[in-house]
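The structure appears right after this line, and notes come after that.
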Amino acid sequence: MDDAYCETPAPDPAPVGAGPPYAECVLCRKPTEHPESTKGATLCPVCAWQEAGRTACSG
């Protein structure tokens, strides 16, 4: 039996820096999920979640 038939090839690693240049978070300066061309204040997912918690509880 041919053992090479059952082997799974290793996945290709994702290229570093793939995709558009991302905007920095206005609070922590980490990259966000938004492109640099996005207007307004951009937040990373962590800061956006924390900001949503603050505004929800500020009633």
Side-chain angles (χ1 to χ4, degrees):
M1 190 170 194
D2 188 13
D3 290 333
Y5 178 78
C6 296
E7 291 180 10
T8 303
D12 292 333
V16 175
Y22 295 106
E24 287 184 343
C25 176
V26 296
L27 299 177
C28 70
R29 299 289 182 206
K30 291 184 181 177
T32 65
E33 298 172 340
H34 308 287
E36 285 183 345
S37 61
T38 302
K39 296 183 186 213
T42 54
L43 298 174
C44 70
V46 173
C47 291
W49 181 77
Q50 291 173 345
E51 186 68 23
R54 282 192 290 269
T55 57
C57 296
S58 65

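Values below: all heavy atoms of this structure, side chains included; hydrogens, waters and symmetry mates excluded.
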If you round to the nearest 0.5 Å, how far is SG of Cys25 from NE2 of His34?
9.0 Å

Any idea which heavy atoms bring Thr32 and Cys44 closest together, and the distance?
CG2-N, 3.6 Å

In chain order, what residues pass the salt bridge (charged side-chain N to carboxylate O under 4.0 Å, His left out) check against Glu24, with sequence neighbours excluded?
Arg29

Are Leu43 and Val26 packed together at the side-chain level, in the sense that at least one heavy-atom pair is separated by less than 4.5 angstrom?
yes

Could you give all pairs that pass the side chain to side chain donor-acceptor pair (under 3.5 Å) test and reach residues 35-52, with sequence neighbours left out?
Glu51-Arg54

